[in-house]
*Asks:* 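This is the structure I want to talk about, given as structure tokens.
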Amino acid sequence: MFWNKKKKNDDGEVMDTKKMGMLQRLAMKRLEKMDPKEREKMMQKALNPENIAKNKDKILETMEQMKSSGQLTEEQIEMAKEKLGL
């Protein structure tokens, strides 16, 4: 059916929207429609060191939830922590 189609991201990986909540799906659709320059600007603003430091506890908590639900592996979490400087 048309609502079960799986989308591919820029890297060619299949994104399963069934595992996302309603707000996550809406945000994903909005990001997909956004101009690439605007998207990059927004991501830089969201991932600046001040925001990461301010929300460190929430980020780590979310990573642990994703690990326990099977969405992320230990290696992916370590890689994300390294990239974010946590």
*Asks:* Nearest 0.5 Å, what's the CG-NZ distance between Asp35 and Lys41?
*Replies:*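 The NZ atom of Lys41 is 10.5 Å from CG of Asp35, to the nearest 0.5 Å.
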
*Asks:* Do Met63 and Ile52 sit in one hydrophobic cluster, given that two such residues count as connected whenever their side-chain heavy atoms are within less than 4.5 Å of each other, even indirectly?
*Replies:*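 Same cluster: Met63 reaches Ile52 through Ile, Leu, Val, Met, Phe, Trp or Tyr contacts under 4.5 Å.
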
*Asks:* Roughly how far, to the nearest 0.5 Å, is the NZ atom of Lys54 from the CG atom of Asn48?
*Replies:*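 Nearest 0.5 Å value for the CG-NZ distance: 8.5 Å.
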
*Asks:* Would a distance-only check, ignoring hydrogens and angles, find a side-chain to backbone donor-acceptor pair under 3.5 Å from Gln24 to Gly21?
*Replies:*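 Yes: the side chain of Gln24 pairs with the backbone of Gly21.
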
*Asks:* Here's a test for you: under side-chain contact (heavy atoms from CB on, under 4.5 Å), which of Leu72, Thr73, Ile77 qualifies with Glu75?
*Replies:*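 Result for side-chain contact (heavy atoms from CB on, under 4.5 Å) with Glu75: Thr73.
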
*Asks:* Applying the 4.5 Å side-chain criterion to the ILVMFWY set and letting contacts propagate, would Leu86 and Met66 be lumped into a single cluster?
*Replies:*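 The answer is yes; both residues are in one hydrophobic cluster.
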
*Asks:* Please round to the nearest 0.5 Å and tell me the distance separating atom CG of Leu31 and atom CG of Leu26.
*Replies:*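 Reported to 0.5 Å precision, the distance equals 11.5 Å.
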
*Asks:* What are the two closest non-hydrogen atoms of Lys67 and Glu74, and how far apart are they?
*Replies:*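 That closest heavy-atom pairing would be NZ-OE1, 2.5 Å.
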
*Asks:* Nearest 0.5 angstrom please: Ser68 OG to Glu64 CD, how far?
*Replies:*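 Going from the OG atom of Ser68 to the CD atom of Glu64 covers 7.5 Å.
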
*Asks:* Quick one, Lys81 and Ile59 - any side-chain contact, counting heavy atoms below 4.5 Å?
*Replies:*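 No. Closest side-chain heavy atoms not under 4.5 Å.
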
*Asks:* Assess whether atom CE of Met42 is packed by more than 12 heavy atoms of other residues, nucleotides or ligands within 6.0 Å.
*Replies:*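 Yes.
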
*Asks:* Please answer whether the main-chain N or O of Leu47 pairs with a side-chain N or O of Asn51 as donor and acceptor at a distance below 3.5 Å.
*Replies:*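 Judged by distance alone, no pair lies under 3.5 Å.
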
